[in-house]
Amino acid sequence: MGFRSMFMKKLEISCTLTVFDSVDELSSEQRELMVKAVNVRSRAYAPYSKFKVGVAVKLENGEVVLGSNQENAVFPSGTCAERVAINQAGTLYPDSKIVSIAVSAASDNFAVLTPTPPCGSCRQSIFEYEENQKQPIAIYFMGEHGKVVKADSIKDLLPLTFGKATLNLI
Ligand code: THU
């Protein structure tokens, strides 16, 4: 046995997600939020990818803030729907905690049947809000129709986090 293997150990990280067969299995409040996310997909400006994402953010004060992806001819200048919505929620209601986020994605080119989770950058942005508010944010995501997946916290989608705590700021 070499020196390295004597000290090496493996960590297993587990994440828990809940899968619903359709929006019909959600509570009426969650279904309404997801329907808003589905409807706002039509506001996406996605002439390049033709991939349209809609997001609805529910706040503790009862407000719902919407977002859709907004692309740009300079591709990296576009913004995902999740960040459009969550940053707008932070702008409009900085003192209200975020309770849940619903995400729905569809494409003009193919049927999006797999539930579409937030991309890595959006997970990082959502984590910043969750860390600041010290309360988990539930994330519901789906494709065009069909199954809905729920994460109780962004940590179930981003288990190893880099945030203020990493920088020793909290
Ligand atoms: N997109 C989102 O809006 N959210 C995600 O989490 C992943 C991707 C958008 C960005 C771009 O406009 C299109 O989907 C294709 O990547």
Side-chain angles (χ1 to χ4, degrees), residues 13 15-23 26 30-59 63-93 97-133 135-164 166:
I13 297 168
C15 299
T16 305
L17 301 170
T18 309
V19 182
F20 301 89
D21 264 343
S22 78
V23 287
L26 300 175
Q30 285 313 326
R31 191 165 49 247
E32 278 168 30
L33 194 70
M34 186 56 89
V35 168
K36 286 187 163 82
V38 168
N39 289 339
V40 81
R41 280 186 333 222
S42 64
R43 301 279 174 86
Y45 173 67
Y48 308 105
S49 72
K50 311 278 188 201
F51 194 80
K52 296 174 177 173
V53 185
V55 169
V57 175
K58 177 91 180 184
L59 299 161
E63 297 286 344
V64 173
V65 178
L66 304 175
S68 61
N69 52 323
Q70 300 294 315
E71 297 185 347
N72 191 281
V74 180
F75 291 179
S77 298
T79 310
C80 291
E82 291 88 335
R83 274 175 287 162
V84 168
I86 203 167
N87 291 333
Q88 181 71 351
T91 304
L92 293 177
Y93 307 106
K97 292 182 180 180
I98 295 166
V99 178
S100 55
I101 301 178
V103 181
S104 171
S107 168
D108 289 346
N109 297 331
F110 64 98
V112 181
L113 302 175
T114 308
T116 309
C119 77
S121 296
C122 291
R123 293 178 203 196
Q124 182 67 29
S125 288
I126 295 166
F127 174 67
E128 184 95 9
Y129 282 89
E130 187 174 291
E131 190 179 44
N132 280 344
Q133 71 179 30
Q135 188 175 294
I137 298 173
I139 298 140
Y140 294 78
F141 54 95
M142 66 180 290
E144 207 174 318
H145 42 74
K147 289 192 192 311
V148 180
V149 177
K150 179 193 182 195
D152 292 336
S153 157
I154 190 62
K155 287 179 187 162
D156 283 312
L157 297 178
L158 188 72
L160 297 176
T161 54
F162 188 107
K164 282 181 171 171
T166 321

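We count ligands from 1, going down the list as the structure has it; atoms in each ligand are counted the same way. Index from 1, following the sequence.
- The salt bridge (Lys or Arg N to Asp or Glu O under 4.0 Å) test applied to K52 returns D108, not counting sequence neighbours.
- Listed by chain and residue number, A46, F51, E71 satisfy the side-chain contact (heavy atoms from CB on, under 4.5 Å) test with S49 (two or more places apart in sequence, or in another chain).
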Write 'none' if nothing qualifies; otherwise put on separate lines each N/O atom of ligand 1 with a protein N/O atom under 3.5 Å away and their distance to 0.1 Å.
from     : atom 1 : to   : atom 2 : distance (Å)
ligand 1 : 3 (O)  : A81  : N      : 2.9
ligand 1 : 4 (N)  : E82  : OE1    : 2.7
ligand 1 : 6 (O)  : E82  : OE1    : 3.3
ligand 1 : 6 (O)  : E82  : OE2    : 3.0
ligand 1 : 6 (O)  : C119 : N      : 2.8
ligand 1 : 12 (O) : N69  : ND2    : 2.9
ligand 1 : 12 (O) : E71  : OE2    : 2.5

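- Contact check for C80 versus S121: no side-chain heavy atoms found under the 4.5 Å cut-off.
- A heavy-atom distance below 4.5 Å is found between the side chains of L17 and L157.
- Here Y48 pairs with F75 under the ring-ring contact (aromatic ring centres under 6.0 Å, His included) rule; sequence neighbours left out.
- With I137 as reference, I101 is the one residue of I154, V99, I101 to meet the side chain to side chain contact (heavy atoms under 4.5 Å, CB included) rule.
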